[in-house]
Amino acid sequence: MNQTDVLIIGSGIGGLSTAIKIAEQRPDLTITVLTKTVENESNTRYAQGGVAAVWNEGIDSFDKHIEDTLDAGDGLCDLDTVRIVVTEGPERVREIIEWGARFDKTHSQQDYDLGREGGHSENRILHYKDLTGWEIQRALIAKADTLTNIVVLEHYFAIDIITQHHLGYVITRLTPGIECYGAYALNKRTNEIETFLARMTVVTTGGAGQVYRNTTNPVIASGDGIAMVYRAKGWVENMEFVQFHPTALYNPAGENPVFLVSEAVRGFGGILKTRDGEEFMHKYDPRKSLAPRDIVARAIDNEIKLRGEECMFLDCRHLDKEAFTAHFPTIYEKCLSIGVNPMKDMIPVVPACHYMCGGIRTDELGRNNIQRLYAVGECTCTGLHGANRLASNSLLEALVFGHRAGLDIVANIDAVPFKNGIPDWNAGGTTDPQEMVLITQSTKELKEIMSSYVGIVRTNMRLKRAMDRLHLLYTETEDLYNSTTISPQLCELRNLITIAYLITRSASMRRESRGLHYNTDFADKQEFIQTSLL
Ligand code: FAD
Ligand code: SIN
């Protein structure tokens with residue numbers, strides 16, 4: 001039995017910024033961060049474009065950033081949350097700069113070089129070349145290392161959060177007073193399942209892009225936290241709003257994850273074209289290549305289908321080579337590595353699953369309906385993104401809510417005791433898995449189902465078909481889970497099936513098209529509802 005004042009599951013921007021906030025305020029508290037692979041592997045690490053923040057008041061303003069966020073969110077954002085994130089965001093960005101994060105400056109070195117992305121009416125994206133996430137992750141790890149009350153445990157895979165359910169009580173989603181007492185986690189080095197008892201627990205496990213065949217998300221992004229909280233009867237919301245990034249690099253060799261060609265490239269002047277070099281975005285939106293992501297991804301998907309092509313193209317040949325390679329060195333090198341020279345060839349691009357706008361429902365302090373539990377980052381639904389996230393608002397959201405959740409934990413933890421009587425994990429009656437193919441094949445099937453039936457364009461028939469097939473996968477996987485010893489692969493499959501179910505069910509509940517959810521059987525906007533899965 002491990003005991004820690006605060007248990008944080010995940011070491012991306014959400015997890016580490018929350019840990020640092022608590023550790024700085026309260027050196028007397030112990031903070032344990034679990035991460036399922038290595039400390040620096042996360043969605044955060046791959047963020048390219050940057051962090052959106054109002055930096056240049058006079059030219060930009062909070063009102064403009066709020067307006068852009070609401071516009072992208074297509075009527076479903078929570079205005080209070082948007083205000084909180086936009087107005088507190090610049091202070092949080094200044095804070096990580098103090099902690100050591102570097103952002104590119106203009107030639108004069110006086111000001112930050114502010115980039116532009118789809119849906120933004122002003123240049124407001126702070127970035128570090130096309131490696132912003134890598135730089136933030138580096139700086140947060142370095143800062144956390146200076147705080148002796150933070151312990152990061154690598155290769156610990158959280159399986160379930162602990163609630164009264166583990167003490168034998170029957171809990172439903174409407175049971176009042178559900179409490180979280182920590183989590184069970186598989187130590188991948190010893191294959192033992194350890195109990196982590198905590199006074200407060202924070203879930204910061206990131207997104208779930210791996211539920212689709214093509215995704216920009218690394219393999220860690222299997223929606224574990226959302227699935228764990230849902231299983232524990234926590235509230236989950238807006239899961240139908242899955243963001244497909246319009247421009248992942250099309251590589252016929254196939255890659256997992258697919259490589260992202262940042263939206264900042266379009267902000268820098270890249271133009272979407274067909275194979276013949278014709279522009280097409282004017283047919284879909286007056287903002288053309290810089291329209292919000294849902295519109296651009298649907299347009300590319302439509303052109304691909306109409307023309308029977310594998311991909312569309314991003315034309316950067318007219319851009320200055322020196323400036324392009326200075327801003328986007330990683331993208332330039334990656335393109336060259338597959339035989340595409342962005343200064344001579346158009347870059348082949350396809351949409352790919354990129355971001356979960358829905359997730360664990362949290363309030364303005366990062367709290368869920370489960371007490372003693374917080375959630376921060378991409379695994380949450382705070383109300384900021386509504387039906388479609390505005391580019392580069394995600395890192396900002398994680399910083400703002402990491403700060404808020406951290407301060408709330410600091411203010412309340414003294415009144416919260418450890419829970420006694422928590423049993424060890426019960427692995428009785430299980431045997432080692434005989435055939436890994438049962439897991440790997442089901443994972444492939446799952447991705448195919450979601451990509452074919454619950455992708456960018458949906459229909460009632462496709463959603464029903466997905467649900468029928470998911471049911472079979474669910475039953476088979478639960479049988480496997482109940483009879484074999486636990487492995488990360490099996491847990492991830494189980495979590496991905498839960499995510500797939502939540503996306504498909506929410507999509508079926510939404511009888512309209514809005515933001516990222518587009519159902520040809522309900523092509524118009526209808527009601528303003530949140531699809532809460534209580
Ligand atoms: P993550 O950074 O994904 O961290 C999750 C952590 O949880 C990881 O450490 C993981 O190992 C751990 N974990 C997961 N499950 C378990 C488990 N069961 N047990 C233990 N540990 C677990 N957003 C922007 O704002 N700007 C951008 O420019 C931008 N670019 C992006 C580019 C790419 C290619 C991608 C994939 C995303 C991008 N995003 C961007 C989105 C943004 O990076 C993420 O939303 C954000 O980093 C999520 O941070 P997080 O802390 O919530 O999760
Ligand atoms: C990108 O660089 O295009 C990704 C930005 C984001 O996901 O916010």
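As the structure is a prediction and not an experimental result, all values here were calculated from the model. Just follow the structure's listing: the first ligand is 1, and inside any ligand the first atom is 1. Side-chain atoms are counted along with the backbone in the values below, which use heavy atoms only and exclude waters and symmetry mates.
- Shortest contact from atom 2 (O) of ligand 1 to any protein heavy atom: T44 OG1, 2.5 Å.
- Note: an N/O pair closer than 3.5 Å links N43 and ligand 1 by distance alone.
- Taking all heavy atoms of L390, D224, L399 into account, the minimum distance to atom 18 (N) of ligand 1 is reached by D224.
- The aromatic rings of H354 and H245 stand perpendicular to each other, their planes meeting at an angle above 60°, with 30° marking the opposite boundary.
- In terms of polar-atom proximity, G377 is not counted as a contact of ligand 1, lacking any N or O under 3.5 Å from an N or O of the ligand.
- The closest heavy-atom contact to atom 53 (O) of ligand 1, among the options A158, G206, A352, comes from G206.
- Less than 4.0 angstrom separates some heavy atom of I9 from each of these atoms of ligand 1: 19 (N), 20 (C).
- Summary of contacts: the protein heavy atom closest to atom 8 (C) of ligand 1 is E41 O, 3.6 Å.
- Among S392, S262, G118, the residue whose heavy atom lies closest to atom 2 (O) of ligand 2 is S262.
- Between I347 atom CD1 and I331 atom CD1 the span is 7.5 Å, to the nearest 0.5 Å.
- Salt bridge absent: E397 and R389 never bring a charged side-chain N and a carboxylate O closer than 4.0 Å.
- Distance CZ/F401 to OG1/T362: 6.0 Å, rounded to 0.5 Å.
- Looking at L395 next to ligand 1, an N or O pair under 3.5 Å apart turns up.
- Of the residues listed (V229, N368, I370), the one engaging W235 in a side-chain contact (heavy atoms from CB on, under 4.5 Å) is N368, and it is the only one.
- Residue contacts with ligand 1: G49 is placed with a nitrogen or oxygen under 3.5 Å of a nitrogen or oxygen of the ligand (distance criterion only).
- Of the protein's non-hydrogen atoms, E378 N, 2.8 Å is the one closest to atom 52 (O) of ligand 1.
- Checked by atom type, the side-chain pair N187/E194 shows a donor-acceptor distance below 3.5 Å.
- Between N393 and ligand 2, no pair of N/O atoms sits closer than 3.5 Å.
- Which parts of ligand 2 touch A391 is read off a 4.0 Å heavy-atom cut-off, strictly below it: atoms 8 (O).
- Within the structure, the closest approach of H354 to ligand 1 falls below 4.0 Å when heavy atoms are considered.
- Checked against a 6.0 Å centroid threshold, the rings of H166 and Y181 do not count as neighbours.
- Of the N or O atoms in Y355, none lie within a sub-3.5 Å distance of an N or O in ligand 1.
- A salt bridge is absent between K334 and D130; no separation between the charged side-chain nitrogens and carboxylate oxygens falls under 4.0 Å.
- In terms of protein heavy atoms, atom 29 (C) of ligand 1 is closest to A47 CB, 3.4 Å.
- No side-chain heavy atom of L516 sits under 4.5 Å from any side-chain heavy atom of V242.
- Distances below 4.0 Å separate heavy atoms of H354 from the following atoms of ligand 2: 4 (C), 6 (C), 7 (O).
- Checked by distance only, ligand 1 and G10 stay at 3.5 Å or farther apart across all their nitrogen or oxygen atoms.
- Residue T216 has no nitrogen or oxygen atom sitting less than 3.5 Å from a nitrogen or oxygen atom of ligand 1, judged on distance alone.
- D224 CG to T205 OG1: the interatomic distance, rounded to the nearest 0.5 Å, is 6.5 Å.
- The shell of residues lying under 4.0 angstrom from ligand 1, judged by heavy atoms, includes S392.
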*asked:* side chain to side chain donor-acceptor pair (under 3.5 Å), that's the test. Do D113 and H327 meet it? Break it down for me.
replied: CA-CA 10 Å; D113 176 39; H327 274 85; 3.0 Å; yes
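- With sequence neighbours excluded, the residues satisfying salt bridge (charged side-chain N to carboxylate O under 4.0 Å, His left out) with R213 are E448.
- Within a 6.0 Å radius of NE2 in H165, other residues, nucleotides and ligands contribute 12 heavy atoms or fewer.
- Between W134 and Y128, the ring planes are parallel. Angles under 30° get that label, and only those over 60° would be called perpendicular.
- With a 4.0 Å heavy-atom cut-off, ligand 2 is reached by no atom of H127.
- Ligand 1 has no atom lying under 4.0 Å from any heavy atom of V51.
- Taking atom 36 (C) of ligand 1 as the reference point, the nearest protein heavy-atom neighbour is N217 ND2, 3.4 Å.
- Residue-ligand proximity, Y46 to ligand 1, at heavy-atom distances under 4.0 Å covers atoms 32 (C), 33 (C), 34 (C).
- Taking a 4.0 Å cut-off on heavy atoms, C379 fails to register as neighbouring ligand 1.
- The line from CD of E67 to OG of S121 is 8.5 Å long, rounded to the nearest 0.5 Å.
- The salt bridge (charged side-chain N to carboxylate O under 4.0 Å, His left out) analysis of residues 199-210, with sequence neighbours excluded, yields the pairs D5-R199.
- At least one N/O-N/O distance between Q48 and ligand 1 falls below 3.5 Å.
- Ligand 2 lies out of reach of S394, whose nearest heavy atom is not under 4.0 Å from it.
- At a 3.5 angstrom cut-off on N or O pairs, G14 counts as close to ligand 1.
- Considering backbone and side-chain atoms together, T37 places no N or O closer than 3.5 Å to any N or O of ligand 1.
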*asked:* Between Q243 and D294, does the side chain to side chain donor-acceptor pair (under 3.5 Å) criterion hold? Intermediate values first, please.
replied: CA-CA 7 Å; Q243 186 167 71; D294 53 340; over 6 Å; no
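- Ionic pairing of R494 and E478 is present here: one or more N-O contacts between side-chain nitrogen and carboxylate oxygen are shorter than 4.0 angstrom.
- Within the set I8, I220, T18, T205, the minimum heavy-atom distance to atom 13 (N) of ligand 1 is found for T205.
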*Could you go step by step and tell me if N2 and T32 meet the side chain to side chain donor-acceptor pair (under 3.5 Å) rule?*
CA-CA 10 Å; N2 305 278; T32 303; over 6 Å; no
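- Atom 21 (N) of ligand 1 has K36 N, 3.1 Å as its closest protein atom, hydrogens excluded (heavy atom only).
- Looking at L260 against ligand 2, only its side chain comes within 4.0 Å, counting heavy atoms.
- Using a cut-off of 4.0 Å between Lys/Arg side-chain N and Asp/Glu carboxylate O, E95 and R92 are scored as salt-bridged.
- Ligand 1 has R389 within reach: a non-hydrogen atom of the residue lies less than 4.0 Å from it.
- Remark: K273 NZ is packed, more than 12 non-hydrogen atoms of other residues, nucleotides or ligands lying under 6.0 Å away.
- Those atoms of ligand 2 that come under 4.0 Å of a heavy atom in H245, given as number and element, are 1 (C), 3 (O), 4 (C).
- For ligand 2, the atoms closer than 4.0 angstrom to any heavy atom of E117 are 5 (C).
- The residue from Q48, Q243, E263, R293 that puts a heavy atom closest to atom 5 (C) of ligand 2 is R293.
- Ligand 2 has no nitrogen or oxygen under 3.5 angstrom from a nitrogen or oxygen of V261.
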